[in-house]
Number of protein chains: 2
Amino acid sequence: MFLSTTNNGVDAKGRVSVPADFRAVVRGGVFDGIIVWPSFEGPYLEGGGQALMERYQALIEDMDPYDEARIAFERAIFGAAKPLSFDANGRVTLPRELIEHAQLDGKATFVGLGSRFELWSPALYAEHQTRARSFARDNKKSLRLSPRRPSSSRPSSSGGDAS
Amino acid sequence: MFLSTTNNGVDAKGRVSVPADFRAVVRGGVFDGIIVWPSFEGPYLEGGGQALMERYQALIEDMDPYDEARIAFERAIFGAAKPLSFDANGRVTLPRELIEHAQLDGKATFVGLGSRFELWSPALYAEHQTRARSFARDNKKSLRLSPRRPSSSRPSSSGGDAS
DNA sequence: TGGTTAACGATGGGATAACATGGGTAAACG
DNA sequence: CGTTTACCCATGTTATCCCATCGTTAACCA
């Protein structure tokens, strides 16, 4: 499982060290590396191991062969996905177009999301985080996670990040 | 699996380098090359390895021998498909009619789509690419990954194409 | 417990092989 | 006999591999 957030450097050749935890997730597959594609939702990258790609492929092959959505997904995901293999030190080389899409400038933030991960420019990710947080606050009623309830006594005062 | 998008040149002889990743996918078959035919959906080419052809053959042979659709598929795919073998440098020579169908003019864009690939004029593909991305964004809900269940119904090497 | 050392992960740079591409020549085809 | 197709070699560019360095963490020893 891809977990946690890591900030690594992107050198002049576009190389970036994949966090060791992430490498351990994909270790064992026939393809020793990760697969990365530009998100079609924003200026960041999405990635995973080959197993993730095969899950997408299974999903897509269940769709009608001439479904417009199927063709769109095939082109948006498979067409844009780059297989990036690890070098001896656990790095991958990001192609120029991926670096540009995510606006990476010397640094990249790996964000683990369980079955996949995201790659962000640190600055954009911070911004995205604050927006995500306020979105969560605005929608907290729909975010009830578990039957466990806080049972009062918790200071409802805004804890620092007021807006 | 055919992945990623590559832009290669088409010289005066109609030769184009097949991306090395793509060559690796079809490597090992008895026929050392790719099979390409004009799409009946638009001005581009479709292609794959021999394994893909055999899949199509199996699909079509399940249809009624006198089904009009079967005849149409046979003519549109098998009748128009050209086996293009690699030269020593990994290139194929595109016949004139394929170049004209896809309106290739010095450049060709290989688009990997998992079990097959497409060949486009770069300008024409750019347009379809943006449309595919926005369509995918609007319909992403239909791509939800279901929680992986242990009883996977198919072996991991799906589709017969090598990794 | 404090200090030292070995191991792992991350980073930087240079050498080398792979890839894409161009042109030329010989064989095959009509 | 002319045209086309296949094969061969040469070259620039790019990506891949290999080695060295450095910081951090974890293990080990006194």
Side-chain angles (χ1 to χ4, degrees), chain A residues 2-27 30-37 45 47 81-100 104-112 117 119-122, chain B residues 2-28 31-36 47 81-100 104-112 117 119-122 125 163:
Chain A
F2 299 107
L3 289 177
S4 167
T5 296
T6 312
N7 207 297
N8 280 349
V10 180
D11 67 17
K13 295 179 177 179
R15 294 183 301 188
V16 57
S17 281
V18 176
D21 301 347
F22 286 26
R23 288 188 309 232
V25 175
V26 301
R27 186 172 302 151
V30 280
F31 169 63
D32 188 33
I34 56 177
I35 298 173
V36 180
W37 67 94
L45 309 177
K82 306 279 180 193
L84 309 176
S85 48
F86 299 138
D87 69 6
N89 296 333
R91 284 180 293 191
V92 297
T93 301
L94 295 171
R96 190 172 34 81
E97 65 264 26
L98 290 185
I99 291 182
E100 287 171 359
L104 301 180
D105 182 31
K107 285 283 174 189
T109 300
F110 286 83
V111 184
F117 61 85
L119 251 174
W120 285 81
S121 152
Chain B
F2 297 106
L3 288 178
S4 160
T5 296
T6 311
N7 209 299
N8 281 349
V10 180
D11 66 17
K13 298 177 179 180
R15 295 182 301 187
V16 58
S17 280
V18 177
D21 297 346
F22 286 24
R23 294 196 303 253
V25 174
V26 302
R27 186 173 301 151
F31 169 62
D32 188 33
I34 55 176
I35 298 170
V36 180
K82 304 276 182 191
L84 309 176
S85 49
F86 299 138
D87 70 6
N89 295 334
R91 283 181 292 193
V92 297
T93 301
L94 295 170
R96 173 182 302 276
E97 67 261 28
L98 290 185
I99 291 183
E100 286 172 357
L104 301 181
D105 182 31
K107 284 282 174 189
T109 299
F110 286 83
V111 184
F117 62 84
L119 252 174
W120 285 80
S121 152
Y125 183 66
S163 62

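What you see below is based on every heavy atom in this structure, not just the backbone, and it leaves out hydrogens, waters and symmetry mates. Lettering of chains follows the sequences in order, A, B, ..., and the numbering in each one begins at 1.
Looking at residues two or more places apart in sequence or on another chain, you find a side-chain contact (heavy atoms from CB on, under 4.5 Å) between A:V25 and A:F2. Partners of B:E100 according to the salt bridge (Lys or Arg N to Asp or Glu O under 4.0 Å) rule, which considers only residues two or more places apart in sequence or in another chain, do not exist here. For A:D11, the salt bridge (Lys or Arg N to Asp or Glu O under 4.0 Å) partners at least two apart in sequence or on another chain are A:R15. For B:D87, the salt bridge (Lys or Arg N to Asp or Glu O under 4.0 Å) criterion is met by B:R91, not counting sequence neighbours. For A:R23, the salt bridge (Lys or Arg N to Asp or Glu O under 4.0 Å) test picks out no residue, with sequence neighbours left out.
Rounded to whole Å, the distance from CG on B:D11 to P on D:dA6 is 13 Å. Between B:E97 atom CD and D:dT4 atom C1' the separation is 13 Å, expressed in whole Å. Taking atom CG on B:L94 and atom C1' on C:dT21, their separation rounds to 15 Å, with Å as the unit. A straight line from CZ of B:R23 to P of C:dT21 spans 11 Å, rounded to a whole angstrom. Between B:K82 atom NZ and D:dA6 atom C1' the separation is 16 Å, expressed in whole Å. One can place CG of B:N7 at 18 Å from P of C:dC19, the figure rounded to the nearest angstrom.
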Scan nucleotides 10-26 of chain D nucleotide by nucleotide, 5' to 3', and note B when protein non-hydrogen atoms come under 4.0 Å of the base, S if they reach only the sugar-phosphate, - if neither.
-> B-----BBBBB------

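Contacts of B:V10 with the nucleic acid, taken as non-hydrogen atoms under 4.0 Å apart, are absent. As judged by a 4.0 angstrom heavy-atom cut-off over every strand, A:V16 is placed among residues making no nucleic acid contact.
Side chains of A:S85 and A:D32: a donor-acceptor N/O pair is absent below 3.5 angstrom, by distance only.
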